[in-house]
Structures are given as structure tokens and as C-alpha cells.
2 protein chains.
Amino acid sequence: MTLTELLPIRDLQSCCAPITREPLSVLNAESLAVSLKALADPARLRILSMVAAHADKEACVCDLTEPLGLSQPTVSHHLKVLVDAGYLTRSKRGTWAYFAIVPGSLDSVAGLLATV
Amino acid sequence: MTLTELLPIRDLQSCCAPITREPLSVLNAESLAVSLKALADPARLRILSMVAAHADKEACVCDLTEPLGLSQPTVSHHLKVLVDAGYLTRSKRGTWAYFAIVPGSLDSVAGLLATV
DNA sequence: CACATATATTGACAATCATCGATGAATTGC
DNA sequence: GCAATTCATCGATGATTGTCAATATATGTG
């Protein structure tokens with residue numbers, strides 16, 4: 001969607017108050033929904049968790065495929081979704097692509113949901 | 001899904017550590033994904049926001065339909081999703097059904113995402 | 001250059017979902 | 001009891017999505 005380009009997660013951080021503090025505008029609701037949709041999948045949540053737990057805080061596709069029990073194209077697809085949403089970075093070194101969590105990305109989304 | 005009954009948001013609160021602290025089990029990933037999926041919709045985010053901002057912290061369907069720009073069945077559908085996921089309570093008084101935010105429900109999901 | 005390995009992309013398919021109109025159920029007021 | 005109002009449910013439809021097999025791309029090795 002174009003909303004991902006319009007409001008990546010970096011801009012989401014300072015876009016607005018937590019959703020229970022003041023009414024969400026239509027645009028902010030849509031961009032927050034896009035960010036949450038990227039998280040709302042079991043495989044992607046496990047990917048984030050496994051990347052964070054991995055040595056050096058990064059992992060390649062080959063590290064994830066087998067423990068996830070998913071095909072390589074499917075894992076690549078999920079990784080792309082997470083990168084596009086701003087939760088992961090991708091750095092290619094040699095034949096391998098290493099993914100790491102964008103610091104603060106999860107916290108900023110959490111901050112929009114929390115009421116305290 | 002049956003997962004909603006298996007792990008409603010109350011149990012999610014104490015189910016596990018934040019997702020970046022330790023690897024998510026398959027089951028926890030699935031139940032967290034269900035909880036997030038209920039939030040990952042612009043209309044539902046706006047509903048939560050509008051309910052929280054409404055007088056007496058509760059609102060009926062009739063309060064939401066027009067500002068959302070959605071049909072009454074669609075609004076009722078979204079409300080049901082949010083109630084089933086544990087974010088809203090429903091109390092019927094007379095002809096009206098009033099919805100209010102379940103205290104702490106959003107915070108518990110936010111707590112699972114936050115890394116600090 | 002040929003080959004092997006790691007990853008990305010494409011195309012297809014089944015499943016899920018957001019939405020609406022029509023209808024049903026419950027309550028209030030006359 | 002009847003009409004009006006509020007909300008829930010049903011059925012249908014178009015759009016999105018998760019998944020995989022097949023293929024393409026890129027990098028390293030001999």
C-alpha cells in the first residue's frame with residue numbers, strides 16, 4: 001500500500017498521542033493499522049523474537065527457515081513485510097542477508113497503544 | 001478461531017515475557033497474533049479511540065456509526081471483534097448497547113511489544 | 001566459465017476479512 | 001397489540017493474505 005511509504009514507523013513515533021488520549025484521525029488510524037498488521041502474524045512475531053534472541057542480534061534467512069517450519073520463499077516474504085514496515089533492517093554480506101531489529105520500533109508502536 | 005477462547009487477553013497479560021526478551025513459543029505467538037489482529041484495523045482503532053474519548057468512557061453503536069462513516073452492521077461487527085478479543089465490554093441497557101474499554105487490556109498488549 | 005549456494009520474485013490457490021443490504025430480535029412508547 | 005427504534009445476525013461479494021513450487025538473481029568457488 002502507499003500508506004507504508006506515506007507514514008513509515010519512524011514518523012509514527014511522533015505522529016500522535018496514544019490512541020486513548022485523543023481521537024485518532026482517519027489518516028493516523030490507517031497508518032497505525034498498517035504497522036500493527038505487519039505484527040499481527042504468528043510467523044512474523046516469532047521472526048522478531050528469534051532475531052532479537054540470536055547471537056549478535058541478527059539472523060539470516062537460513063537461520064529462520066528450519067525452526068519456523070516454513071518454506072524459504074515464505075520466510076523471505078515475511079522478512080520483507082517486516083522490513084517494509086520498519087521493524088527490521090536488511091544488510092547483505094556476501095550471499096547472506098542479515099536482519100536486525102530497528103531499535104525503538106517496537107517501543108514506538110507499544111507507546112501508541114499504552115494508556116499510561 | 002478457537003485460539004481466542006484458548007487465550008483471551010486476560011491470560012495474555014501474564015503469559016510470557018516481551019517478545020524480544022525470549023523466543024516466543026508457537027502457541028504464544030499465535031495468541032498474541034490474534035490479539036494484534038483485532039487491533040490492526042483502522043475502523044477498530046478509531047472505535048477504541050472514540051470510546052475512550054466519549055463522555056462516561058462508554059459509547060453506543062449509534063454514537064459511532066455516523067462519525068466512522070460505516071454502516072451499522074459493519075460497526076456492530078467491529079465491536080464484536082473487539083469484545084471477543086477482550087478490549088471492550090458490552091452492557092445492554094434498554095434498547096442501547098454501551099461499550100467501554102477493558103482497563104489494562106491495551107497496556108498488556110503494549111507490554112508484550114515493548115522492549116524496555 | 002560452470003556450478004553450487006543463498007536469497008528474492010513470480011504466479012497460483014485457498015482461506016480470511018471488511019463491507020453492505022436484508023432480515024431478525026429485543027425494547028420502548030402509544 | 002402495534003409501530004418505531006436500536007442492535008445483532010445472515011448471506012453474499014470483492015479484496016487481501018499466507019503459503020508454496022517454480023524460477024530468477026546474485027555471490028562465491030573451482
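Residue numbering restarts at 1 for every chain, and letters A, B, ... go by the order of the sequence lines.
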Query raised in the report: Are His78(A) and dT19(D) close enough that a side-chain N or O sits under 4.0 Å from OP1 or OP2?
Result: yes
[X] [atom1] - [N] [atom2] separation (whole Å):
| X | N | atom1 | atom2 | answer |
| --- | --- | --- | --- | --- |
| Arg46(B) | dA18(C) | CZ | P | 16 Å |
| Leu82(B) | dC17(C) | CG | P | 14 Å |
| Ile47(A) | dT7(C) | CD1 | P | 13 Å |
| Asp84(B) | dA18(C) | CG | P | 13 Å |
| Glu30(B) | dG18(D) | CD | P | 14 Å |
| Leu64(A) | dA6(C) | CG | P | 14 Å |
| Glu66(A) | dA6(C) | CD | C1' | 16 Å |
| Asp41(A) | dT16(D) | CG | C1' | 13 Å |

Report summary line: Exactly one candidate in Leu70(B), Asp41(B), Leu68(B) meets side-chain contact (heavy atoms from CB on, under 4.5 Å) with Ile47(B); the answer is Leu68(B)
Query raised in the report: Salt bridge between Glu58(B) and Arg93(B), side-chain N to carboxylate O under 4.0 Å?
Result: yes
Requested in this report: Kindly write out the residues that satisfy side chain to side chain contact (heavy atoms under 4.5 Å, CB included) with Pro23(B), not counting sequence neighbours, or none if the list is empty.
Outcome: Ser49(A), Ala53(A)
Report task. Take nucleotides 5-12 of chain D nucleotide by nucleotide from the 5' end and write B, S or -, depending on whether a protein heavy atom sits under 4.0 Å from the base, only from the sugar-phosphate, or from neither. Result -> BBBBB---
Query raised in the report: How about Ile101(B) and Thr89(B): do any of their side-chain heavy atoms sit closer than 4.5 Å?
Result: no
Requested in this report: Report which part of the nucleic acid Arg44(B) touches: base, sugar-phosphate, or nothing (heavy-atom distance under 4.0 Å, all strands).
Outcome: sugar-phosphate
Query raised in the report: Can you name the closest pair of heavy atoms from Lys57(A) and Ala100(A) and give their distance?
Result: O-CB, 3.5 Å
Query - Worked verdict on Leu64(B) versus Met50(B) for side chain to side chain contact (heavy atoms under 4.5 Å, CB included) - result: CA-CA 8 Å; Leu64(B) 305 169; Met50(B) 293 168 68; 3.9 Å; yes
